Student: 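One structure is given below, represented as structure tokens, and several questions about it will come after.
Since this is a predicted model, take the numbers as computed values, not measurements. Read the numbers this way: they start at 1 and go in the same order the structure lists the ligands and their atoms. Numbering starts at 1 and runs along the sequence shown.
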Amino acid sequence: MLKATAIAPANIAFIKYWGQKDKDINLPFNNSISMNLDKCLTTTTVEFSKDITKDVVMVNNKTLSDNDSLRVIKQLDTLRKLDKINFKAQVVSINSFPSDAGIASSASSFAALALAGAKALGVKIKINELSCLARLGSGSACRSIPDGFGEWHKGKNHTSSYARSLYRPDWWDLTDIVVIVSNEKKKYSSLSGHASAESSPYFINRLKQLPRRISQVKKALKEKNLPLLGETIEEEAIDLHVIAMTSKPPIFYWNGTTMEIIKQLKNWRSSGLLAYFTIDAGPNLHIICEQKQEKIINKKLKDFPGVIKTIINHPGKGARII
Ligand code: DP6
């Protein structure tokens with residue numbers, strides 16, 4: 001039977017992927033660095049069969065429309081080419097967290113899909129190749145393949161653009177508290193953000209800052225230096241949103257609660273609670289702190305007006321077969 005199930009984590013980018021050099025194969029302008037999230041997972045089963053007449057994609061027990069299935073079907077086509085078969089497939093995916101709200105559900109989904117699909121077909125594939133395959137579905141998905149903390153090397157073409165692990169999950173007792181301040185499906189996909197990023201006058205300036213930021217994040221990871229990591233990821237996240245807000249057309253991802261929490265973090269830090277934010281393409285925040293302070297910081301976040309819920313994550317493993 002050509003069937004397999006894989007599980008893959010979402011990841012939070014400390015250095016972001018924003019803007020595409022080649023949108024057909026999701027090549028980024030810059031390297032990015034992330035941490036896998038052990039509690040934000042997608043489990044995906046892929047089955048290819050001659051008895052299936054049409055590709056069907058189910059996410060969280062709902063069948064996706066033909067239009068919403070396009071990216072998945074494109075990925076299935078890539079898999080079919082690898083094994084030279086033309087069987088249709090059924091894809092069944094379950095997320096452990098809200099989809100489309102600024103937690104990269106497509107990262108975990110496309111990483112799980114790439115691994116389950118390759119395994120179902122029995123294709124022998126190296127981890128770097130699997131990361132490239134996941135990238136074709138969604139850029140950030142390539143970082144959900146290797147374990148722990150990873151760096152996506154931007155590369156020059158399809159085969160050279162993939163993520164590699166920098167450190168295993170147990171390297172540093174970090175916590176990412178995902179703070180949900182909106183459950184709404186976001187109005188602007190990351191794809192539209194990537195597409196308009198270059199129209200911002202600040203786009204080029206960010207690229208100039210990145211070599212310094214990347215080496216600061218690497219130094220912070222190596223030395224387990226939270227203030228250095230925190231200051232760098234906040235600078236980077238603000239830059240992404242400045243670019244989004246100054247793109248044509250402008251994109252505003254934050255809501256009022258996002259802003260209030262950003263302001264509050266500064267006060268908490270001056271009272272000794274070391275917590276820093278980063279934000280992807282949505283209003284929800286990722287609060288980075290050390291595990292020894294996570295309980296008290298989580299309690300404050302849960303009690304914060306406008307917060308719907310929080311999800312505590314530790315560094316996680318990459319995609320694996322179950
Ligand atoms: C802001 O194109 O990978 O999260 O397919 O919507 O998950 P989705 O996004 P993708 O872009 C991710 C953009 C980002 C930053 C990042 O994760 O690096």
Student: Do N157 and S160 have a side chain donor and acceptor closer than 3.5 Å?
Tutor: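 Present: a donor and an acceptor within the cut-off.
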Student: Is it the case that the side chains of N26 and Q20 hold a donor-acceptor pair, with the cut-off being a distance below 3.5 Å and no angle test?
Tutor: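 The criterion, which ignores hydrogens and geometry beyond distance, is satisfied for N26 and Q20.
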Student: Which ligand 1 atoms does H194 reach within 4.0 Å, using its non-hydrogen atoms?
Tutor: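 Near H194, the atoms of ligand 1 are 2 (O), 10 (P), 11 (O).
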Student: Distance only, no hydrogens: is a donor on one side chain within 3.5 Å (strictly under) of an acceptor on the other, for K248 and S200?
Tutor: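 Looking only at side-chain atoms, S200 and K248 do not form any donor-acceptor pair under 3.5 Å.
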Student: Taking only heavy atoms of A281 into account, list the atoms of ligand 1 that are under 4.0 Å away from them.
Tutor: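 Here the atoms of ligand 1 in question are 1 (C).
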Student: At under 4.0 Å between heavy atoms, which part of S32 makes contact with ligand 1: side chain, backbone, both or neither?
Tutor: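 The answer is neither; S32 stays 4.0 Å or more away.
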Student: Distance alone, cut at 3.5 Å: any donor-acceptor contact between the side chains of S165 and D147?
Tutor: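 No - no donor-acceptor pair under 3.5 Å links their side chains.
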Student: Looking only at non-hydrogen atoms, which of K16, R135, H241, R143 approaches atom 17 (O) of ligand 1 most closely?
Tutor: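 Closest candidate by heavy-atom distance is R143.
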Student: Out of curiosity, is R71 lining ligand 1, as in a heavy atom under 4.0 Å away?
Tutor: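 Checking ligand 1 against R71, which is what was asked, there is a heavy-atom contact under 4.0 Å.
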Student: Does any N/O atom on S106 come nearer than 3.5 Å to any N/O atom on ligand 1?
Tutor: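 Yes, there is a polar N/O contact under 3.5 Å.
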Student: At under 4.0 Å between heavy atoms, is it the side chain or the backbone of F110 that contacts ligand 1, or both, or neither?
Tutor: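 Under 4.0 Å from ligand 1, F110 contributes no heavy atoms.
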Student: Would Y17 count as a polar contact of ligand 1, with the cut-off being nitrogen or oxygen pairs under 3.5 Å?
Tutor: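 Between Y17 and ligand 1, an N or O pair is found under 3.5 Å apart.
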Student: Using the test salt bridge (charged side-chain N to carboxylate O under 4.0 Å, His left out), find all partners of D77 that sit at least two apart in sequence or belong to another chain.
Tutor: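 In terms of salt bridge (charged side-chain N to carboxylate O under 4.0 Å, His left out), with neighbours along the sequence ignored, D77 is linked to R80.
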Student: Using a strict 4.0 Å threshold on nitrogen-to-oxygen distance, state whether E129 and K124 make a salt bridge.
Tutor: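 No.
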Student: Once salt bridge (charged side-chain N to carboxylate O under 4.0 Å, His left out) is applied, do any residues pair with E151, and if so which ones, sequence neighbours excluded?
Tutor: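 Expected list: K218.
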Student: Considering the heavy atoms of A13, write down every atom of ligand 1 situated less than 4.0 Å from one of them.
Tutor: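 Atoms satisfying the 4.0 Å criterion: 16 (C), 17 (O), 18 (O).
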